[in-house]
Amino acid sequence: MDISIIGTGYVGLTTGIALAELGNKVVLVDVIPEKLETINSGKAPFYEPEVDDLLKKHVSAGNITTSLDGYRSVLDTEITFISVGTPSKEDGSMDDRYIRAASETIGKALKDKDEFHIVVMKSTVVPGTTLGAIREELERFSGKIAGSDVGIAMCPEFLREGAAMHDSMNPDRVIIGCIDDRTFDRLKELFLPLDSKILRTSPASAEMIKYASNSLLATKISFANEISRICERVGVDVYDIMEGVGMDFRISPQFLRAGVGFGGSCFPKDVSALMNIAKHLELDTPILDGVMLNNDIQPKHLVSIGEKMAGNLKGKKVAVLGLSFKPDTDDIRYTRSLPVIKQLLEKGARITATDPKAMENFRSEVPDIEYVADPDEALIGAEVVFLMTEWPIYGRIDWNSKSDLKVIIDGRRCVDPSSMKNIKYWSIGKPLP
Ligand code: NAD
Ligand code: UGA
């Protein structure tokens with residue numbers, strides 16, 4: 001099939017590559033020319049494992065092309081995915097300006113197109129958006145009726161950054177929220193080669209499934225973090241506890257890793273958006289409130305333990321290892337390294353930060369600290385270390401060779417302390433030494 005994708009970020013690009021892998025021709029549309037130039041050279045505009053190799057393959061085979069011209073791209077294809085950003089506004093509600101702009105472009109093209117065309121919403125949008133804002137713009141600019149002249153669907157994306165290609169090619173389920181059979185049948189045909197479970201729902205249900213899924217995953221993490229603070233005081237290790245808890249098939253061990261809290265572009269944004277929906281419906285959200293509250297507590301908790309173990313941090317050299325919100329990405333959106341570094345700065349610590357991929361992105365947010373690419377170099381003269389992202393290279397550091405190092409605060413349980421000598425080590429969820 002010929003497919004256009006409006007918005008070439010994490011979701012648009014990986015969806016495009018996955019669809020090309022399944023034998024389709026894909027045109028990737030964006031408003032940022034430099035992004036498209038990078039893609040044309042066979043490189044992703046962000047770091048994500050596997051993406052560059054597959055992109056190179058499909059760009060050189062002509063299966064993936066790029067365009068700044070959304071109008072033309074819609075005319076030349078039969079299905080258009082919308083995967084532009086849906087950031088939070090100040091009050092936590094979803095900003096719909098990018099999806100409206102994308103729908104306007106598609107609507108204008110559909111006005112000049114006779115053949116049936118399907119528009120698929122891939123961005124995470126609040127329930128009611130596909131049949132609300134999207135339909136409104138499409139119908140207004142095309143003069144056509146969604147559901148009969150134009151197919152309209154909502155297929156939420158469930159990929160994780162750092163594993164985007166794997167998740168796109170092996171989804172646990174494909175949700176197709178639509179209102180007409182023709183659209184469902186065509187999309188089912190498109191997704192069938194993925195060999196995944198397919199669930200047909202209404203667009204609003206598909207939208208809500210996405211928010212409920214992300215909120216439940218965030219809830220599991222915040223729950224693990226709350227339990228971990230109790231475990232520390234009770235004198236047990238939260239990782240042992242969650243191993244036992246996760247053995248219950250009704251619970252599963254997934255997303256019960258206590259740490260410094262969840263980051264990324266989606267959990268914080270989507271939980272906030274769901275809380276905002278409820279607020280407008282005059283509903284209380286004690287669970288979701290607690291999920292976000294817990295997420296703010298964890299970085300403060302980490303720094304306060306750091307102070308307990310290392311004493312006053314004023315003037316001390318502190319190395320912060322890991323700036324991305326998780327390993328295998330250069331994405332720093334809502335990274336928990338930011339509140340930790342801000343607090344350390346407030347306490348007068350001298351910070352050297354390092355990350356294998358995210359240093360440049362972080363530097364643009366926080367320019368005034370020292371950045372060093374090599375973790376061994378970052379540790380020269382450091383008395384205290386905060387481990388913030390579980391990059392595998394941190395597991396290979398020879399800690400005993402760092403002469404000034406006194407305290408390691410491991411926010412992600414990512415190093416083995418068993419052979420450490422004369423170093424005080426503590427990790428989230430362990431009793432204090
Ligand atoms: P992103 O910010 O990385 O990319 C969005 C892209 O859309 C940008 O390149 C931007 O230039 C482009 N764009 C904006 N307006 C445009 C327009 N009118 N025409 C063409 N291009 C336009 O966003 P993302 O991380 O890929 O997320 C996109 C959506 O998918 C969000 O709703 C997000 O919540 C959801 N989502 C993201 C992930 C993830 O892991 N990042 C996973 C699942 C769902
Ligand atoms: C998450 C979801 O896992 C995806 O299914 C979803 O598509 C995506 O959000 C989205 O909507 O954008 P992502 O944010 O890329 O994916 O990464 P995760 O692996 O979920 O990690 C999110 C954060 O939670 C990270 O900061 C990670 O360190 C933290 N986390 C995760 C924990 O602290 N403990 C865990 O057990 C798991």
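First listed ligand is number 1; within each ligand, the first listed atom is number 1. Not measured: the values here are computed from a predicted model.
Annotation: atom 43 (C) of ligand 1 to nearest protein heavy atom, Glu157 O, 3.4 Å. Among protein heavy atoms, atom 39 (C) of ligand 1 sits closest to Glu161 OE2, 3.6 Å. Looking only at heavy atoms of the protein, atom 7 (O) of ligand 1 is closest to Gly7 CA, 3.3 Å. Gly9 CA, 3.2 Å is the protein heavy atom nearest to atom 4 (O) of ligand 1. Summary of contacts: the protein heavy atom closest to atom 12 (C) of ligand 1 is Asp30 OD2, 3.2 Å. Annotation: atom 31 (C) of ligand 1 to nearest protein heavy atom, Thr86 OG1, 3.5 Å. Distance from atom 31 (C) of ligand 2 to its nearest protein heavy atom, with residue and atom name: Ile221 CD1, 3.5 Å. Atom 42 (C) of ligand 1 has its closest protein heavy atom at Leu159 O, 3.6 Å. Among protein heavy atoms, the minimum distance from atom 35 (C) of ligand 1 is reached at Thr124 OG1, 3.4 Å.
Interface atoms of ligand 2 facing Glu157, defined by a heavy-atom separation under 4.0 Å, are 7 (O). Against a heavy-atom cut-off of under 4.0 Å, Phe255 is close to the following atoms of ligand 2: 3 (O), 19 (O), 20 (O), 31 (C), 35 (C), 36 (O), 37 (C). Atoms of ligand 1 found under 4.0 Å from any heavy atom of Lys269, numbered from 1 in the order shown, are 33 (C), 34 (O). In summary, the atoms of ligand 1 found under 4.0 Å from a heavy atom of Lys35, numbered by their order in the structure, are 8 (C), 9 (O). Shown in contact with Val31 at under 4.0 Å from a heavy atom are these atoms of ligand 1, numbered in order with element: 11 (O), 17 (C), 19 (N), 20 (C), 21 (N), 22 (C). In the vicinity of Ser123, heavy-atom distances shorter than 4.0 Å reach the ligand 1 atoms 29 (C), 30 (O), 32 (O). Using a 4.0 Å cut-off to heavy atoms of Ile32, the atoms of ligand 1 that qualify are 11 (O). Applying the 4.0 Å criterion to heavy atoms of Arg333 picks out, from ligand 1, the atoms 2 (O), 25 (O). Distances below 4.0 Å separate heavy atoms of Cys266 from the following atoms of ligand 2: 9 (O), 10 (C), 11 (O), 12 (O). Within the listing of ligand 1, atoms 5 (C), 28 (C) sit less than 4.0 angstrom from a heavy atom of Ser83.
When non-hydrogen atoms are compared, ligand 1 lies under 4.0 Å from neither the backbone nor the side chain of Ala164. When non-hydrogen atoms are compared, ligand 1 lies under 4.0 Å from neither the backbone nor the side chain of Arg160. If you look at Leu256 next to ligand 2, the close heavy atoms, those under 4.0 Å, all belong to the backbone. At a heavy-atom cutoff of 4.0 Å, ligand 2 is contacted by the side chain of Lys326 but not by its backbone. Contacts between Thr124 and ligand 2, counted as non-hydrogen atom pairs separated by less than 4.0 Å, are absent for every part of the residue. Proximity of Arg336 to ligand 2, defined as any heavy-atom pair under 4.0 Å, is not found for any part of the residue.
For the pair Arg413 and Tyr239, the cation-pi test (distance below 6.0 Å, angle within 45°) is passed.
A salt bridge links Asp296 with Arg336: the closest approach of a Lys/Arg side-chain nitrogen to an acidic carboxylate oxygen falls below 4.0 angstrom. Residues Arg160 and Asp167 are paired through a salt bridge, judged by an N-O separation under 4.0 Å between the basic side chain and the carboxylate. Residues Lys342 and Glu346 are not paired through a salt bridge, judged by the lack of any N-O separation under 4.0 Å between the basic side chain and the carboxylate. A salt bridge links Arg363 to Glu360: at least one charged side-chain nitrogen sits closer than 4.0 Å to a carboxylate oxygen.
No more than 12 heavy atoms of other residues, nucleotides or ligands lie within 6.0 Å of NZ in Lys43, so this atom counts as exposed by the packing criterion. Counting non-hydrogen atoms of neighbouring residues, nucleotides and ligands closer than 6.0 angstrom, the NZ atom of Lys144 exceeds 12 such neighbours.
Where the criterion is an N or O separation shorter than 3.5 Å, residue side chain and backbone included, Lys210 meets it with respect to ligand 2. Polar contact check, Gly259 against ligand 2: no nitrogen or oxygen pair lies under 3.5 Å apart. The distance criterion of under 3.5 Å between nitrogen or oxygen atoms is met by Arg257 with respect to ligand 2. Considering backbone and side-chain atoms together, Lys122 places no N or O closer than 3.5 Å to any N or O of ligand 1. Residue Arg412 places at least one N or O, backbone or side chain, under 3.5 Å from an N or O of ligand 2. Any N or O atom pair closer than 3.5 Å counts here, and Gly263 shares at least one such pair with ligand 2.
The shortest heavy-atom distance from Ser265 to ligand 1 is under 4.0 Å. Taking 4.0 Å as the cut-off, Lys210 counts as a neighbour of ligand 1 on heavy-atom distance. Using a non-hydrogen distance threshold of 4.0 Å, Glu48 does not register as a contact of ligand 1.
Taking all heavy atoms of Phe325, Tyr334, Tyr10, Phe158 into account, the minimum distance to atom 25 (C) of ligand 2 is reached by Phe325. With Val11, Ile82, Ile6 as candidates, the residue nearest to atom 20 (C) of ligand 1 on a non-hydrogen basis is Ile6. Evaluated by nearest non-hydrogen atom to atom 5 (C) of ligand 1, the leading choice among Gly85, Pro156, Ser213 is Gly85. Looking at Val29, Thr14, Val84 and measuring to atom 22 (C) of ligand 1, the nearest heavy atom belongs to Val84.
Two residues are said to be in side-chain contact when any heavy atoms from C-beta on lie closer than 4.5 Å; Glu207 and Thr129 meet this criterion. A 4.5 Å side-chain heavy-atom check between Phe255 and Thr219 finds every atom pair outside the cut-off. Two residues are said to be in side-chain contact when any heavy atoms from C-beta on lie closer than 4.5 Å; Ile397 and Leu321 meet this criterion. Between Gln343 and Lys300 the shortest side-chain heavy-atom distance falls below 4.5 Å. Here the side chains of Asn294 and Phe223 are not in contact, with every heavy-atom distance at 4.5 Å or above. Within the 4.5 Å cutoff, the side chain of Ile79 has heavy atoms near those of the Val120 side chain.
The structure places OG of Ser265 at 5.5 Å from CG of Asp331, a figure rounded to the nearest 0.5 Å. The OG atom of Ser324 lies 12.5 Å from the CZ atom of Arg333; values are rounded to the nearest 0.5 Å.
Ring planes of Tyr47 and Trp391: tilted class, angle from 30 to 60°. Note on ring orientation: taking the six-membered ring where Trp is involved, the planes of Trp426 and His301 are perpendicular (angle over 60°, cut-offs 30° and 60°).
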Side chain to side chain contact (heavy atoms under 4.5 Å, CB included) evaluation trace for Thr354 with Tyr394:
CA-CA 11 Å; Thr354 181; Tyr394 302 151; 4.3 Å; yes
Determine whether Ser213 and Arg173 satisfy the following criterion, side-chain hydrogen bond (donor to acceptor under 3.5 Å, both in side chains), listing intermediate values before the conclusion.
CA-CA 12 Å; Ser213 298; Arg173 75 293 208 196; 3.1 Å; yes
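Of the possible polar contacts, none joining the Asn24 side chain to the Val26 backbone as a donor-acceptor pair under 3.5 Å is found.
In this structure, Tyr334 has its ring center at least 6.0 angstrom away from the ring center of Phe325.
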